[in-house]
Amino acid sequence: MINSKNSALYRTIPFTVIRADSFLTRLKGLMFRRTPLEEGLLIVPCNSIHMCFMFFSIDVLFLTQNNEIIKVVENLKPWRFVPPVKGAHAVLELPVGAIRSSSIKVGEFINLQ
């Protein structure tokens, strides 16, 4: 969807998104989960992630408070780290391949309702 007000591209992703916004849900995230994602996990607030104790790869979007994508990481493998991303307020973890298949790019906005 194109917002004619500022010509920004707003995307609606084809996944159910679970919100992790408490200390415990953010701490656990996807650690120790054995099966790959079939949904998205929105971690708020968050500006960096680690893949410790993960058993599968994921795609990651770093978002501002306005849900603008400011960094994309495709196929992030277990035991990797993404250092803090300046300006990031949230992280959206998606099934591997979601960024490529949906042609998601930096500068677009995610429509999270």
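None of these values were measured; they are calculated from a predicted model.
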Are [X] and [Y] side-chain neighbours, meaning at least one heavy-atom pair lies under 4.5 Å?
X: R100; Y: N75; value: no
X: V96; Y: I58; value: no
X: E68; Y: F109; value: yes
X: P45; Y: R26; value: yes
X: D59; Y: V72; value: no
X: W79; Y: C52; value: yes

Report the distance from atom [atom1] of [X] to atom [atom2] of [Y], rounding to the nearest 0.5 Å.
X: L41; Y: T25; atom1: CG; atom2: OG1; value: 8.0 Å
X: I43; Y: L30; atom1: CD1; atom2: CG; value: 6.5 Å
X: I13; Y: L112; atom1: CD1; atom2: CG; value: 6.0 Å
X: S102; Y: E108; atom1: OG; atom2: CD; value: 10.0 Å

Q. Can you check side chain to side chain contact (heavy atoms under 4.5 Å, CB included) on L76 and M54, steps first, answer last?
A. CA-CA 10 Å; L76 184 61; M54 293 279 295; over 6 Å; no
Of all heavy-atom pairs between [X] and [Y], which one has the smallest distance, and what is that distance?
X: N47; Y: F62; answer: O-CE2, 3.5 Å
X: V44; Y: A90; answer: CG2-CB, 3.7 Å
X: I70; Y: K86; answer: CD1-O, 3.4 Å
X: P78; Y: F55; answer: CG-C, 4.0 Å

**Q.** Test side chain to side chain contact (heavy atoms under 4.5 Å, CB included) applied to N67 and N111, step by step
**A.** CA-CA 7 Å; N67 295 331; N111 186 13; over 6 Å; no
Q: Answer yes or no: are there more than 12 heavy-atom neighbours, outside Q65 itself, under 6.0 Å from its atom CD?
A: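 For Q65, atom CD is not crowded (no more than 12 foreign heavy atoms under 6.0 Å).
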Q) Would the number of heavy atoms belonging to other residues, nucleotides or ligands and lying under 6.0 Å from CZ of F23 be above 12? A)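 Not more than 12 within 6.0 Å, no.
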Q: Check T64, L92, L63 against I69 for a side chain to side chain contact (heavy atoms under 4.5 Å, CB included) and give me the one that passes.
A: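 Result: among T64, L92, L63, L63 is the only option passing the side chain to side chain contact (heavy atoms under 4.5 Å, CB included) with I69.
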(Q) Between I104 and L61, is the side chain to side chain contact (heavy atoms under 4.5 Å, CB included) condition met? List the steps. (A) CA-CA 9 Å; I104 296 171; L61 304 176; 3.8 Å; yes
